[in-house]
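My questions will all concern the structure given below.
Quantities reported herein were computed from a predicted structural model and do not represent experimental measurements. For reference, positions follow the sequence shown, starting with 1.
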Amino acid sequence: HYYDIFLDYNNPIFFCFIIYTPIVQKNQRNQLEKDLLTQTKLLTILLKKPIEAREYIRANEILLEAFEKTHAGATLITPEHRVFFQGESDVLSAENLFIRKEILQAEKEGEGTAYRFSPTYNTDIVYSAVKIMHSGTSQFSILRLSLPVQTEFESLFVPTIPIIVFVFLSIIIITAL
């Protein structure tokens, strides 16, 4: 059969696919984490004044405006440990939030990222958190952004479908000759 070429473990195409796919996924994941961290840092600039003035409702409004048409979610943690959630990605209870890798990293190092599977949404989610220091005090807030990975991969994958189909059909035709 023409599809046996894809199931042959000695075939270089099969071997390359098995090796190449995890490498590409890891590189895409790392780039997604970096991009989300950059976005988080930029958003902290907009939020710094309202947060320092303890105008958390205003900060929350900024988050609503920023994420109203995206799949991303935002979480703002105040020095008083009040938590403001935005977006569908953040349904985590507040007490569980403080043990998350990205939050602990941000508290300690100023920023943090994490990538984990969400059983709630049945998809991988990338997280980024940044510590926002309050001027003249030792108090800080933390801004955390989250993004379901499937939306990023879908946007990368869907445009390549015609190319993938063409390559597979070409391989099938070549092997049939």
Side-chain angles (χ1 to χ4, degrees), residues 21-160:
T21 301
I23 293 170
V24 169
Q25 287 176 341
K26 184 176 184 202
N27 289 338
Q28 288 174 334
R29 182 184 116 185
N30 290 342
Q31 188 59 48
L32 185 57
E33 285 179 0
K34 288 177 188 174
D35 292 348
L36 192 61
L37 183 59
T38 300
Q39 291 175 8
T40 309
K41 289 176 181 178
L42 291 172
L43 194 53
T44 61
I45 295 168
L46 285 174
L47 294 175
K48 189 155 178 68
K49 284 185 181 181
I51 288 173
E52 284 184 344
R54 299 193 188 290
E55 296 172 355
Y56 301 124
I57 302 302
R58 177 63 192 131
N60 206 35
E61 289 169 357
I62 292 170
L63 292 174
L64 275 171
E65 290 171 26
F67 295 105
E68 100 183 298
K69 292 181 179 151
T70 69
H71 295 284
T75 307
L76 177 64
I77 304 169
T78 70
E80 299 84 20
H81 286 226
R82 288 179 57 199
V83 179
F84 294 91
F85 293 108
Q86 293 303 326
E88 296 178 39
S89 299
D90 291 311
V91 293
L92 190 62
S93 67
E95 54 273 2
N96 288 338
L97 195 58
F98 298 103
I99 61 169
R100 295 299 189 179
K101 176 187 169 198
E102 67 279 5
I103 301 295
L104 296 172
Q105 263 185 325
E107 284 179 331
K108 185 177 180 182
E109 302 168 21
E111 60 188 46
T113 60
Y115 184 96
R116 61 181 167 270
F117 180 77
S118 168
T120 306
Y121 295 103
N122 198 32
T123 189
D124 291 327
I125 296 183
V126 64
Y127 297 91
S128 171
V130 173
K131 181 192 253 185
I132 305 170
M133 293 303 299
H134 293 232
S135 299
T137 72
S138 61
Q139 292 188 327
F140 61 89
S141 296
I142 293 180
L143 175 64
R144 181 183 82 156
L145 300 186
S146 60
L147 183 65
V149 176
Q150 71 181 26
T151 59
E152 183 69 20
F153 284 127
E154 285 171 357
S155 68
L156 293 172
F157 180 70
V158 170
T160 64

Salt bridge (charged side-chain N to carboxylate O under 4.0 Å, His left out) partners of Lys49, counting only residues at least two apart:
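Scan of Lys49 (salt bridge (charged side-chain N to carboxylate O under 4.0 Å, His left out), adjacent residues dropped) gives none.
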Can any side-chain N or O of Gln105 pair as donor or acceptor with the backbone N or O of Thr113 at less than 3.5 Å?
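Judged by distance alone, yes, a pair lies under 3.5 Å.
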Using the salt bridge (charged side-chain N to carboxylate O under 4.0 Å, His left out) criterion, which residues pair with Lys48? Sequence neighbours excluded.
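Testing Lys48 for salt bridge (charged side-chain N to carboxylate O under 4.0 Å, His left out), a comparison that skips the adjacent residues, returns Glu52.
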Minimum heavy-atom separation for Ile103 to Phe98, with atom names?
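Looks like CG2-CA, 4.4 Å.
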Side chains of Leu76 and Ile51 in contact at under 4.5 Å (non-hydrogen atoms):
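Sidechains of Ile51 and Leu76: in contact.
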Nearest non-hydrogen partners of Ser118 and Ile125, listed with the distance:
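Scanning both residues, the minimum pair turns out to be CB-CD1, 3.6 Å.
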Kindly compute the distance separating CG (Asp35) from OG1 (Thr40), expressed to the nearest 0.5 Å.
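Rounded to the nearest 0.5 Å, the CG-OG1 separation comes out at 10.5 Å.
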Side-chain contact test, heavy atoms from C-beta onward, threshold under 4.5 Å: evaluate it for Leu37 versus Glu33 and give yes or no.
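They are not in side-chain contact.
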When you look at Lys101 and Tyr127, which way does the side chain to side chain contact (heavy atoms under 4.5 Å, CB included) test go after all the steps?
CA-CA 9 Å; Lys101 176 187 169 198; Tyr127 297 91; over 6 Å; no
Check the pair Glu107, Ile142 against side chain to side chain contact (heavy atoms under 4.5 Å, CB included), reporting the backbone distance first and the verdict last.
CA-CA 8 Å; Glu107 284 179 331; Ile142 293 180; 3.5 Å; yes
Which is it for Ser141 and His134 under the side chain to side chain contact (heavy atoms under 4.5 Å, CB included) test, yes or no, and what are the steps along the way?
CA-CA 8 Å; Ser141 296; His134 293 232; 2.9 Å; yes
Spacing of Leu43 atom CG and Arg144 atom CZ [to the nearest 0.5 Å]:
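The distance works out to 14.0 Å.
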Do Arg54 and Tyr56 have side-chain N/O donor and acceptor atoms under 3.5 Å apart?
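Distance-only check passes for Arg54 and Tyr56.
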Which residues satisfy the salt bridge (charged side-chain N to carboxylate O under 4.0 Å, His left out) test with Glu109, sequence neighbours excluded?
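Applying salt bridge (charged side-chain N to carboxylate O under 4.0 Å, His left out) to Glu109 gives none.
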Could you pull out the closest heavy-atom pair between Met133 and Ser138, with the gap in Å?
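Looking at all heavy atoms of both residues, the closest pair is CE-O, 3.9 Å.
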If you measure from CD on Glu102 to CG on Leu97, what distance do you get to the nearest 0.5 Å?
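The CG atom of Leu97 is 7.5 Å from CD of Glu102, to the nearest 0.5 Å.
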Decide yes or no on side chain to side chain contact (heavy atoms under 4.5 Å, CB included) for Phe117 and Asn122, but give the supporting numbers first.
CA-CA 7 Å; Phe117 180 77; Asn122 198 32; 3.1 Å; yes
